[in-house]
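This structure is a prediction, so every number in the text was calculated from the model and none was measured.
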Amino acid sequence: MNLEINQSNLYLLLPSKVAWMAEWLTEDKNVSIVEAIKMIYSSDMFRRLEDESTKMWHLGPVALYQELITE
């Protein structure tokens, strides 16, 4: 079994990280879950996260959320 994370399978890790961040955004910014998800997917942080070469996928949701809100 191949357990290596690469650009072609990185997408499998992202939904759970986005879900955590979206929930926190709804609480912190008082926006809908849909609006929170749109904010995340359109952010510079997410562009870096979905690029495997940045290795941001190693970060947990808390660290990623900090990156997001400091943009």
Side-chain angles (χ1 to χ4, degrees):
M1 178 163 45
N2 182 4
L3 299 176
E4 180 180 326
I5 301 298
N6 55 47
Q7 193 62 49
S8 67
N9 63 12
L10 177 64
Y11 73 94
L12 297 169
L13 300 176
L14 303 182
S16 64
K17 293 177 187 278
V18 169
W20 280 99
M21 291 186 289
E23 185 176 336
W24 295 330
L25 268 178
T26 60
E27 294 171 6
D28 291 347
K29 304 289 185 186
N30 197 27
V31 296
S32 71
I33 192 73
V34 172
E35 189 61 31
I37 291 170
K38 286 179 184 179
M39 291 168 67
I40 294 167
Y41 281 122
S42 65
S43 71
D44 185 52
M45 180 278 307
F46 187 78
R47 280 188 280 288
R48 293 188 321 264
L49 176 61
E50 68 181 349
D51 178 2
E52 193 278 331
S53 68
T54 67
K55 303 297 184 197
M56 284 184 69
W57 57 270
H58 280 286
L59 298 175
V62 173
L64 291 170
Y65 186 72
Q66 288 298 320
E67 286 280 326
L68 178 67
I69 61 173
T70 58
E71 285 188 350

Interatomic distance, L13 atom CG to M56 atom CE [nearest 0.5 angstrom]: 13.5 Å

Value rounded to 0.5 Å, distance of CE in M21 from OG1 in T26: 12.5 Å

Heavy-atom pair of closest approach, residues A36 and A22: CB-O, 3.6 Å

Heavy atoms of other groups near N6 CG, more than 12 under 6.0 Å: yes

Atom of W57, atom of E52 and distance for their closest heavy-atom approach: NE1-OE2, 3.5 Å

ILVMFWY network linking V34 to M39, side-chain heavy atoms under 4.5 angstrom: yes

Nearest heavy atoms of I40 and L68, plus distance in Å: CG1-CD2, 3.8 Å

Closest non-hydrogen atom pair, L10 against L49: CD2-O, 3.5 Å

Residue pairs fulfilling salt bridge (Lys or Arg N to Asp or Glu O under 4.0 Å) with at least one residue in residues 25-43, sequence neighbours excluded: none

Minimum heavy-atom distance R48-D44, with the two atoms named: NH1-OD2, 2.6 Å

Partner residues of E50 under the side chain to side chain contact (heavy atoms under 4.5 Å, CB included) criterion, sequence neighbours left out: L14, F46, R47

Neighbour count >12 (heavy atoms, 6.0 Å) for atom CH2, W24: yes

Matching residue for M45 among L64, I69, T70 - test: side-chain contact (heavy atoms from CB on, under 4.5 Å): L64

Test item: N9 side-chain N/O and L3 main-chain N/O as donor-acceptor pair under 3.5 Å: no

Closest contact, heavy atoms only, K17 versus G60: NZ-CA, 4.2 Å

